[in-house]
There are 2 protein chains.
Amino acid sequence: MRILIADSDSGAVSHLVKVLGKSSYAVDHVKTADEALNMFKHYEYDLFITELVLSDLPGEELIRQVRRSRISTPIMVLSVRTDSPTKVAAFSAGADDYVTKPFDMSETQARIQALTRRSYGIAESRLCVGPLELDLESRMVSVNGHFLHLTSKEYSILELLLLRKGAVLTKDMFLNHLYGGIDEPEMKIIDVFICKLRRKLQRFGAEHMITTVWGRGYILQDPAVAAGTSASSQGFTEGSAPLRQAG
Amino acid sequence: MRILIADSDSGAVSHLVKVLGKSSYAVDHVKTADEALNMFKHYEYDLFITELVLSDLPGEELIRQVRRSRISTPIMVLSVRTDSPTKVAAFSAGADDYVTKPFDMSETQARIQALTRRSYGIAESRLCVGPLELDLESRMVSVNGHFLHLTSKEYSILELLLLRKGAVLTKDMFLNHLYGGIDEPEMKIIDVFICKLRRKLQRFGAEHMITTVWGRGYILQDPAVAAGTSASSQGFTEGSAPLRQAG
DNA sequence: TATCAGCGATGAGAATACGCATAATTTCAA
DNA sequence: TTGAAATTATGCGTATTCTCATCGCTGATA
């Protein structure tokens with residue numbers, strides 16, 4: 001899960017950055033609107049958190065520019081200003097949430113969670129596919145009722161697979177989901193993690209859930225459902241369900 | 001835009017109902033969780049606003065039940081409770097926003113707008129022509145319900161054909177779609193892929209879908225529909241239509 | 001009808017991607 | 001600081017796909 005934070009102040013926000021980092025969010029932290037816009041040019045984010053007062057541009061204008069660039073990433077505003085007109089202006093510029101400083105850490109985390117899952121069109125924090133269950137909040141993963149011990153990266157990969165189940169995900173997408181803009185490792189590690197994930201899933205009887213799509217990437221499917229199709233190596237249900245929940 | 005509000009208290013909320021009604025939202029107002037669940041059975045909403053304290057069920061439990069019914073409508077909680085654990089619990093049950101009473105009307109309206117505007121514009125990822133179906137997300141292709149195993153390039157070609165169905169596509173277009181200008185192989189390769197595609201489609205009864213336009217390129221059509229229509233649809237017509245089916 | 005360019009089909013070698021093991025490096029808690 | 005776990009890098013055998021050369025055929029044109 002990838003977050004961009006634009007904030008010049010280094011107080012409570014830097015604490016937030018740390019907390020999020022430890023929750024295995026990939027956080028990029030910039031100090032100016034210009035830097036933020038630049039990051040948006042190169043990377044995709046699941047959430048953008050911004051101050052309203054940045055040195056080079058009013059935050060509200062920044063939000064407007066982001067939206068004008070057709071970036072639909074959810075935006076959370078963090079600000080000391082509590083007056084209603086300011087809030088309304090932020091929302092109408094394109095913000096999705098507004099949190100006033102000083103903020104309560106756990107509430108803010110909950111809001112961040114709500115915004116990120118919503119950006120995938122998902123309403124619940126528990127995701128299921130066949131025998132596999134993943135809870136976005138507690139980061140617990142179970143297969144047929146057995147809880148798996150996943151490392152942070154393994155979890156992140158499985159998380160993305162579940163958030164976008166039924167879609168082919170390229171290694172680029174995984175890299176983007178797992179790492180901050182700078183110093184991404186080589187693409188080849190993704191298949192190492194996939195390999196490890198598969199083995200852990202298999203240990204409790206969840207085989208053939210992660211399918212390789214040659215030359216493209218990987219896709220997560222319920223093997224029980226996919227089994228119905230004979231001729232192809234990668235089956236899928238006939239007349240299958242809509243891939244995205246309305247939201 | 002359709003909104004369901006569950007609230008037993010008739011003070012500020014009834015004012016909200018009025019205001020929203022005037023803003024051309026269609027608002028249904030119920031007083032109990034039971035009524036709310038009943039409404040969800042019969043109607044679809046773009047937003048659900050609920051109190052946390054309802055006479056028959058804790059609001060948090062109501063949210064959970066809604067989510068369990070696979071209803072992914074955004075949920076806003078309105079409550080007098082301001083403590084962080086309560087908020088976190090609401091979010092984790094599946095809420096998308098939490099507003100404390102007494103609430104500021106204009107801010108709340110802005111939040112409502114932020115929640116509802118996201119429900120627009122969900123892209124359709126499935127393309128169909130006759131017996132042929134292609135899903136852009138999962139890259140699955142089926143013919144008469146049989147799933148095909150296509151290689152990466154084969155898929156890309158079929159994808160372009162479907163995205164621009166009914167139009168003549170030149171080999172240049174295919175090359176550009178497949179290689180994006182860098183390291184392009186010989187143009188002849190397109191023939192090869194088209195040939196392989198045709199054979200795979202044929203295997204499951206989809207014949208004559210990809211038609212050759214001599215000297216120009218290829219076109220995808222539903223054979224059942226195209227039977228009557230000659231290929232005058234492209235503005236490329238030079239006398240009689242030079243169409244030929246491969247055998 | 002002759003001629004020529006475009007198309008269909010095939011198969012084999014080249015190129016590429018993948019799975020997995022293992023090794024090297026980093027991180028983090030004790 | 002040290003040791004264990006996690007992360008990253010590398011290497012290689014295997015599997016799959018891509019590409020090209022080739023040949024026979026088709027349609028356009030004069």
Side-chain angles (χ1 to χ4, degrees), chain A residues 18 21-24 26 139 141 148-158 168-172 174-175 177-180 182-203 207-219 232-234, chain B residues 139 141 148-158 168-172 174-175 177-180 182-203 207-219 231 236-247:
Chain A
K18 272 185 202 158
K22 285 202 174 172
S23 318
S24 82
R139 313 179 74 80
V141 176
L148 261 52
H149 169 70
L150 298 184
T151 70
S152 156
K153 300 291 185 218
E154 287 164 357
Y155 171 83
S156 291
I157 288 200
L158 192 60
V168 174
L169 301 167
T170 65
K171 295 184 181 180
D172 272 319
F174 286 111
L175 277 185
H177 187 76
L178 263 64
Y179 302 93
I182 34 175
D183 54 58
E184 283 186 352
E186 293 301 309
M187 218 175 257
K188 197 110 187 354
I189 22 149
I190 300 303
D191 65 45
V192 176
F193 283 123
I194 291 280
C195 170
K196 291 185 173 176
L197 257 181
R198 277 177 173 151
R199 205 168 313 165
K200 287 188 180 180
L201 293 178
Q202 224 176 83
R203 187 164 306 155
E207 287 183 88
H208 312 307
M209 297 205 65
I210 302 172
T211 308
T212 303
V213 180
W214 226 89
R216 280 297 144 169
Y218 301 92
I219 185 170
S232 66
S233 57
Q234 325 137 10
Chain B
R139 302 173 67 90
V141 176
L148 302 184
H149 171 69
L150 299 184
T151 70
S152 182
K153 294 281 193 282
E154 287 164 359
Y155 172 85
S156 293
I157 289 205
L158 190 60
V168 175
L169 300 167
T170 66
K171 295 186 183 179
D172 271 320
F174 286 111
L175 275 187
H177 184 68
L178 262 65
Y179 305 93
I182 43 172
D183 257 4
E184 286 186 355
E186 296 298 310
M187 205 172 270
K188 193 84 175 48
I189 202 69
I190 303 301
D191 297 350
V192 178
F193 286 127
I194 291 282
C195 169
K196 291 185 173 170
L197 257 180
R198 276 179 175 149
R199 194 162 335 154
K200 287 187 180 180
L201 293 178
Q202 225 176 82
R203 187 164 304 155
E207 288 184 88
H208 314 310
M209 297 205 65
I210 302 172
T211 309
T212 304
V213 182
W214 221 87
R216 285 265 140 67
Y218 300 93
I219 184 172
F236 280 50
T237 40
E238 51 237 315
S240 58
L243 298 185
R244 195 184 80 80
Q245 308 295 342

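Residue numbers start from 1 in every chain, and the chains themselves are labelled A, B, ... in the order their sequence lines are given, proteins ahead of strands. Every heavy atom of this structure was used, including side-chain atoms; hydrogens, water molecules and symmetry mates were not.
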Please list, chain by chain and in numerical order, all residues satisfying side chain to side chain contact (heavy atoms under 4.5 Å, CB included) with Leu178(A), sequence neighbours excluded.
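Expected list: Lys153(A), Ser156(A), Ile157(A).
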Which whole-number value in Å describes the distance from [X] [atom1] to [N] [atom2]?
{"X": "Arg216(B)", "N": "dA5(C)", "atom1": "CZ", "atom2": "C1'", "value": "14 Å"}
{"X": "Ile190(B)", "N": "dG8(C)", "atom1": "CD1", "atom2": "P", "value": "12 Å"}
{"X": "Arg199(A)", "N": "dT22(C)", "atom1": "CZ", "atom2": "P", "value": "10 Å"}
{"X": "Leu197(B)", "N": "dA9(C)", "atom1": "CG", "atom2": "P", "value": "12 Å"}
{"X": "Tyr155(B)", "N": "dA17(C)", "atom1": "OH", "atom2": "P", "value": "19 Å"}
{"X": "Lys200(A)", "N": "dA5(D)", "atom1": "NZ", "atom2": "C1'", "value": "10 Å"}

Taking every non-hydrogen atom, the tightest pair across [X] and [Y]:
{"X": "Lys200(B)", "Y": "His149(B)", "answer": "NZ-O, 3.0 Å"}
{"X": "Ser152(B)", "Y": "Gly215(A)", "answer": "OG-O, 4.4 Å"}
{"X": "Glu186(B)", "Y": "Leu175(B)", "answer": "O-CD2, 4.4 Å"}

Strictly below 4.0 Å: does Tyr218(A) bring a side-chain N or O up to OP1 or OP2 of dG19(C)?
yes
Establish, with yes or no, whether the OP1 or OP2 oxygen of dG8(C) is under 4.0 angstrom from a side-chain nitrogen or oxygen of Thr212(B).
yes
How does protein reach along nucleotides 9-21 of chain D, written 5' to 3' as B (base within reach of a heavy atom under 4.0 Å), S (only sugar-phosphate), or - (no contact)?
BBB----BSSBB-
Taking the side chain as every heavy atom from C-beta outward, state whether Phe174(B) and Phe193(B) have any atom pair closer than 4.5 Å.
no
With rounding to the nearest 0.5 angstrom, report the CE to CG distance, Met209(B) to Leu197(B).
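Output value for this atom pair is 11.0 Å.
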